[in-house]
Q: 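Just passing along the structure, written as structure tokens.
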Amino acid sequence: MTEIPLHPAALPAAPSRIALLDMTLPEMEAFVRALGLPAYRARQIYDWIYKRFAADFAEMSDLPLALRTQLQAAAIIDPLRVATQVVSSAGDTLKVLFSLPDGQSIEAVLMLYDNRRTLCISSQAGCAMGCTFCATAQGGLARNLTSGEIIAQVLYFARYLANPAALPPTEVARPATVSNIVLMGMGEPLHNYSNVWAALRRLTDANAFGLGARHITLSTVGLVPQIDKMAAEDLQIGLAVSLHAPNDTLRTGLVPINRGYPVNELLDAVRRYIEQTHRRVTFEYALMRGINDTPALAEELAGKLRGLLCHVNLIPLNPIPDSPYQPSTSYDAENFASILREAGISTTIRLRRGIEINAGCGQLRRASKIST
Ligand code: SAH
């Protein structure tokens, strides 16, 4: 995959204060030593940030006041500002549009289920992949997120769940913390590989956020070399692949990077991934009326996936403005699902959470740009 150059104007502004969320524990130890402090202070700060979700040095009550003031001048914890926040009428979906220090914006969505608190986060400001049915693709890529900007989205919602009084009331009982994370927000996570994996290491590190890797899923458009790289990682992060079509003619029209990584090469990479990791892979398939939802295509898909340790998530398309695509009817969706199931392929039709609050795929950012 060739790196897509960033427009110079879109590069992040040089921060005047150092970003603590970008640091590993050894890096933070080096940072506190450079301030003339003993290394154990780093562990204290790390605990405040990752275990107690402090967003401000003022909260760090076991640090001397002079040290808190010194840190305040030298470093920043939370790089995100809330631009817009929307709660669904059922109170079970919360979507936040964050602005970043250089004026870029990104979205994250928290979905509360009975037994799970799933957070969908962004890996890039914008996206370079150009999928023709996706709202994020319409604006192109602005830049990669730093590892700290990725982690900050998680800590924001961890803080929200820990302190219900601070935010709008919801009707459902609020569970204690983020239990699952999906990298299915804005951006292509495997196009920002090193920052995404640096974030994943800290999110799973028991010294930091400490979420089990199996509770995290990374969704990719299908970048073959990076899928192979991911297969060799020691963390057990789940893989989801956005397939959307069983053949190259159709898929290239929906997912242009298919030209570089055609369906069969992608499925070969998934096969290698499964052999290496023994983990089940999820295929995402956004059902678009009259485009990719016919019984013939379901048969073709079943043929391609037969024998793979996989699950298919069918998602009725979330329609976006200026796009010809519409969601499939529920009849066609059910029919498509039955054909896959009859072929022995585990399949679900995923509920479209948060549609009423523009919680699908780059929509809140787009709406806010239109209204400003
Ligand atoms: N770039 C990654 C992750 C971000 S998108 C990827 O492609 O997987 C997360 C999922 O939402 C992908 O499966 C993507 O294809 C899907 N998606 C994008 N726009 C959509 C829309 N309008 N309706 C339904 N799903 C959509």
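As the structure lists them, so they are numbered: ligands from 1, and atoms in each ligand from 1. As the structure is a computational prediction, the values presented were derived from the model and not from experiment.
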Q: Please state whether the rings of Y156 and F98 are parallel, tilted or perpendicular, taking 30° and 60° as the class boundaries.
A: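 Plane angle over 60°, so perpendicular.
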
Q: Give the atom numbers and elements of ligand 1 that come within less than 4.0 Å of a heavy atom of L317.
A: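 Within the 4.0 Å cut-off of L317, ligand 1 contributes 21 (C), 22 (N), 23 (N).
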
Q: Just by modelled atom types, is the S122 backbone N or O under 3.5 Å from a matching donor or acceptor in the Q153 side chain?
A: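 Side chain of Q153 to backbone of S122, a donor-acceptor pair under 3.5 Å: yes, one is there.
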
Q: Does an N or O anywhere in A135 fall below 3.5 Å from an N or O of ligand 1?
A: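 There is no such contact.
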
Q: Measuring from non-hydrogen atoms of G185 to any atom of ligand 1, is the shortest distance under 4.0 Å?
A: yes

Q: Between R271 and D268, is the closest basic N to carboxylate O distance under 4.0 Å?
A: yes

Q: For ligand 1, which atoms, with element, lie under 4.0 Å from some heavy atom of S242?
A: 6 (C), 7 (O), 8 (O), 12 (C), 13 (O), 15 (O)

Q: Report the residues that fulfil salt bridge (Lys or Arg N to Asp or Glu O under 4.0 Å) with E233, sequence neighbours left out, ordered by chain and then residue number.
A: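 R201.
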
Q: Give the atoms of ligand 1, by number and element, whose distance to some non-hydrogen atom of F133 is under 4.0 Å.
A: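 That gives atoms 15 (O), 17 (N), 18 (C), 19 (N), 20 (C), 21 (C), 22 (N), 26 (C) of ligand 1.
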
Q: Please check if any side-chain donor atom of Q226 sits under 3.5 Å from a side-chain acceptor atom of T220, or the reverse.
A: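 Checked: Q226/T220 side chains show no N/O donor-acceptor pair below 3.5 Å.
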
Q: At under 4.0 Å between heavy atoms, which part of V255 makes contact with ligand 1: side chain, backbone, both or neither?
A: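 No part of V255 comes within reach of ligand 1.
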
Q: Measure from atom 15 (O) of ligand 1 to every heavy atom in E284, H191, H244 and give the option owning the shortest one.
A: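 Among E284, H191, H244, the closest heavy atom to atom 15 (O) of ligand 1 belongs to H244.
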
Q: Pull out every atom of ligand 1 sitting under 4.0 Å from any heavy atom of V221, numbered as shown with elements.
A: 6 (C), 7 (O), 8 (O)

Q: Look at R272 together with D228 and state whether they make a salt bridge at an N to O cut-off of under 4.0 Å.
A: yes

Q: Do any heavy atoms of P319 fall under 4.0 Å from ligand 1?
A: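 Distance cut 4.0 Å: P319 fails for ligand 1.
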
Q: Can you give each donor-acceptor pair under 3.5 Å made by side-chain atoms of residues 26-41, sequence neighbours left out, with the distance rounded to 0.1 Å?
A:
unit_1, atom_1, unit_2, atom_2, d
E27, OE1, T24, N, 2.8
E27, OE1, T24, OG1, 3.3
R41, NH1, Q44, OE1, 2.8

Q: Report, in ascending order of atom number, the atoms of ligand 1 lying under 4.0 Å from any heavy atom of G187.
A: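 Close to G187: 1 (N), 2 (C), 3 (C), 4 (C).
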
Q: Any idea how F133 and H244 line up, ring-wise: parallel (<30°), tilted (30 to 60°), or perpendicular (>60°)?
A: perpendicular

Q: Go through ligand 1 atom by atom and flag the ones less than 4.0 Å from a non-hydrogen atom of C134.
A: 18 (C), 19 (N)

Q: For atom 9 (C) of ligand 1, state which one of M184, M288, M186, Q124 supplies the nearest heavy atom.
A: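 It is M184 whose heavy atom sits nearest to atom 9 (C) of ligand 1.
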
